[in-house]
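Okay, structure first, notes after.
For the single chain, residues carry numbers from 1 onward in sequence order.
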Amino acid sequence: MIDVPREWTAGPTVPYPEASFPEVVLAQAARRPDAVAVRQWADQLTYAELVDAAGRLAGQLRELGVGPEVPVAVCLRRRPEAVVAILGVMLAGGVHLPLELDHPPRRLREIVTDAGVTVGVVDTEGRDLLSDLVSTCLAVPLPGSAGPAVTACPAGPDDAAYVLYTSGSTGRPKGVVVTHRSLVAYLAGLVERFGLTEDVVSVSFSSFGFDAFVGDLLMPLTIGGQAVLLSEADRGDPERAHRFINQHGATFGILTAALLPVLDPAATPGWSTVLAGGEVMPPSEVARWAMDGRRFVNVYGPTETTVCVTCVEVSGEWTEPVPIGAPFPNHHAYVVDADLRQV
């Protein structure tokens with residue numbers, strides 16, 4: 001084995017609360033109860049409505065024995081109630097396990113079996129898929145509905161918050177578990193790195209099974225901002241996506257690099273901060289996106305590190321590969337001697 005020279009490099013340290021993710025959201029709900037937390041066209045949830053519905057779901061889950069380190073499958077279409085489901089599972093102390101409705105049944109069965117899931121939070125389509133795989137399926141309750149509501153999260157910072165299943169090198173699903181501490185630390189760093197405030201309107205393109213959902217969907221909820229969630233139809237049509245971004249006043253978002261050539265940045269002039277990752281960024285896209293004052297950022301990081309480890313803000317004309325940049329706040333990275341990259 002060759003001893004490859006390396007050294008640590010660290011991003012800035014940003015304080016973050018010694019708390020679970022739901023506790024951070026509950027604090028924002030107490031501060032801004034009437035502010036809109038989640039919106040999709042005419043459908044929206046205020047912070048008060050979001051935590052009320054999530055608390056009622058958490059109460060049902062607690063009665064079923066869900067608590068710290070217990071995975072719960074979440075299988076719904078991209079609607080505001082999906083955010084209730086995610087928060088409700090974590091508020092119960094459970095581990096959010098997203099299942100994609102469009103994935104093959106065999107993959108869903110493999111994930112449910114590997115994770116040992118017995119409870120799912122579903123919509124009608126999700127119930128049809130999971131009824132034979134889990135023993136209990138719950139629907140998302142409405143705000144103000146009957147039943148006990150949980151108002152405190154029993155999970156601690158070092159308990160699991162969510163688990164994402166990646167295909168892995170073998171093609172078999174492999175679960176990556178992320179703790180509340182890692183989640184909260186990452187989001188605090190993201191907020192600090194880009195100077196985000198409660199005025200942020202974050203457009204959520206990311207699949208619930210892709211780690212970037214943490215940044216575009218969950219991040220605004222930690223600072224009293226607004227998450228705007230594209231439906232499957234809006235997400236799959238560039239013209240509809242442009243219209244959605246503009247009419248919802250989106251200011252922040254995260255894209256996979258593959259989406260960059262599909263969308264027209266000139267059609268969304270108010271979208272002021274765009275992060276792109278998940279794949280190698282095409283150099284030709286930099287000049288298209290870093291225009292008219294927009295911050296355009298290349299991000300890199302595997303799911304095992306929560307989301308992103310490094311980032312770099314780029315602009316101008318590029319022909320060479322775009323670098324992955326320097327570590328995010330609250331992150332460390334190895335620097336490997338460039339001459340030995342091919343060893």
Are Thr303 and Asp211 close enough, and set up right, to give a side-chain contact (heavy atoms from CB on, under 4.5 Å), and what steps lead you there? CA-CA 6 Å; Thr303 302; Asp211 58 21; 3.0 Å; yes
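- Shown here for Ala10 and His332, the closest heavy-atom pair between the two residues is CB-CD2, 3.4 Å.
- A pairwise comparison of heavy atoms in Pro154 and Leu91 identifies CD-O, 3.4 Å as the closest pair.
- Inter-residue side-chain proximity for Tyr165 and Arg107 is flagged as met; some heavy-atom pair is nearer than 4.5 Å.
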Please assess Leu129 against Leu101 for the test side-chain contact (heavy atoms from CB on, under 4.5 Å), listing each intermediate value before the final yes or no. CA-CA 8 Å; Leu129 278 175; Leu101 284 164; 3.5 Å; yes
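- In terms of modelled atom types and a separation under 3.5 Å, the side chain of Asp114 and the main chain of Gly175 share no donor-acceptor contact.
- Between Tyr16 and Arg181, the closest side-chain pair of non-hydrogen atoms falls below 4.5 Å.
- Ile86 and Val177 are assigned to two separate hydrophobic clusters, defined by single-linkage of ILVMFWY side chains at heavy-atom distances under 4.5 Å.
- Under a hydrophobic-cluster definition in which Ile, Leu, Val, Met, Phe, Trp and Tyr are linked whenever side-chain heavy atoms come within less than 4.5 Å, directly or via other members, Ile324 and Phe296 are assigned to different clusters.
- Crowding of Tyr300 atom OH: a count of heavy atoms from other residues, nucleotides or ligands under 6.0 Å not exceeding 12.
- Aromatic ring centroids of Phe213 and Phe205 lie 6.0 Å or more apart.
- Nearest heavy atoms, Met281 versus Val286: SD-CG2, 3.9 Å.
- The line from CE of Met219 to CG of Leu187 is 8.0 Å long, rounded to the nearest 0.5 Å.
- In this structure, Pro141 and Gln60 have side chains that are in contact, with non-hydrogen atoms separated by less than 4.5 Å.
- The minimum heavy-atom distance linking Tyr47 with Pro220 is given by the pair OH-O, 3.3 Å.
- When atom types are taken as modelled, the side chain of Arg32 and the backbone of Gly224 share a donor-acceptor pair closer than 3.5 angstrom.
- If you take NE2 on His331 and SG on Cys311, they are separated by 10.0 Å, rounding to the nearest 0.5 Å.
- Interatomic distance, NE2 of His103 versus CD1 of Ile111, reported as 7.5 Å (0.5 Å rounding).
- One N or O on the side chain of His242 and one on the backbone of Asp264 form a donor-acceptor pair closer than 3.5 Å.
- The side-chain heavy atoms of Val72 and Val95, taken from C-beta on, include no pair separated by under 4.5 Å.
- Electrostatic pairing of Arg77 and Asp123 does not count as a salt bridge here, judged by no charged N lying under 4.0 Å from a carboxylate O.
- Not one N or O on the side chain of Arg62 forms a donor-acceptor pair closer than 3.5 Å with the backbone of Ala149.
- Side chain of Thr46 to main chain of Glu49: a donor-acceptor pair is present (N/O by atom type, distance under 3.5 Å, no hydrogens or angles).
- Among Arg79, His248, Arg78, the single residue meeting the side chain to side chain donor-acceptor pair (under 3.5 Å) criterion with Gln40 is Arg79.
- Judged by distance alone, the side chains of Thr222 and Gln28 never bring a donor and an acceptor atom under 3.5 Å apart.
- Between Glu110 and Thr113, the side chains place no donor N or O within less than 3.5 Å of an acceptor N or O (distance only, hydrogens not considered).
- The minimum heavy-atom distance linking Gly189 with Pro329 is given by the pair O-CG, 3.6 Å.
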Could you walk me through whether Arg56 and Asp52 pass the salt bridge (charged side-chain N to carboxylate O under 4.0 Å, His left out) check? CA-CA 6 Å; Arg56 294 179 192 283; Asp52 180 81; 3.0 Å; yes
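- Atom CD in Glu317 sits 12.0 Å away from atom CZ in Arg288 (nearest 0.5 Å).
- Side chain of Ser272 to main chain of Thr251: a donor-acceptor pair is present (N/O by atom type, distance under 3.5 Å, no hydrogens or angles).
- Considering only heavy atoms from C-beta on, Leu217 comes within 4.5 Å of Phe208 through its side chain.
- Asn330 places no side-chain N or O within donor-acceptor distance of the main-chain N or O of Thr13, the cut-off being under 3.5 Å.
- Residues Leu164 and Val117 do not share a hydrophobic cluster, clusters being chains of Ile/Leu/Val/Met/Phe/Trp/Tyr side chains in contact below 4.5 Å.
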Val140 and Leu76: side-chain contact (heavy atoms from CB on, under 4.5 Å), yes or no, with the steps? CA-CA 10 Å; Val140 176; Leu76 303 95; 3.7 Å; yes
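- Within the 4.5 Å cutoff, side-chain heavy atoms of Tyr162 are placed close to those of Leu183.
- Separation of atoms CG (Leu130) and OG (Ser135) is listed at 11.0 Å; rounding is to 0.5 Å.
- Taking the side chain to side chain donor-acceptor pair (under 3.5 Å) definition, one finds that Asn246 meets it with nothing, sequence neighbours left out.
- A centroid separation of less than 6.0 Å is found between the aromatic rings of Phe244 and Trp41.
- Here the shortest heavy-atom pairing between Ala115 and Leu97 reads CB-CD2, 3.8 Å.
- In the model, Ser202 has no side-chain atom that pairs as donor or acceptor with a side-chain atom of Asp216 under 3.5 Å.
- Atom CD of Glu100 sits in a crowded spot, with more than 12 heavy atoms from other residues, nucleotides or ligands closer than 6.0 Å.
- Cluster membership for Val214 and Phe194, using ILVMFWY side-chain heavy atoms within less than 4.5 angstrom, is shared.
- Using modelled atom types, no side-chain atom of His96 and backbone atom of Met90 make a donor-acceptor pair closer than 3.5 Å.
- When side chains are defined from C-beta on, Pro261 counts as touching Glu285, because their heavy atoms get closer than 4.5 Å.
- Side-chain atoms of Trp289 come within 3.5 Å of backbone atoms of Leu260 as a donor-acceptor pair (strictly under, hydrogens ignored).
- Counting heavy atoms from C-beta outward, Val66 and Val89 have side chains that stay 4.5 Å or more apart.
- Annotation: the span from Leu229 atom CG to Arg235 atom CZ amounts to 9.5 Å, rounded to 0.5 Å.
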Verdict with supporting geometry, Val83 and Leu50, side-chain contact (heavy atoms from CB on, under 4.5 Å): CA-CA 8 Å; Val83 186; Leu50 173 63; 4.2 Å; yes
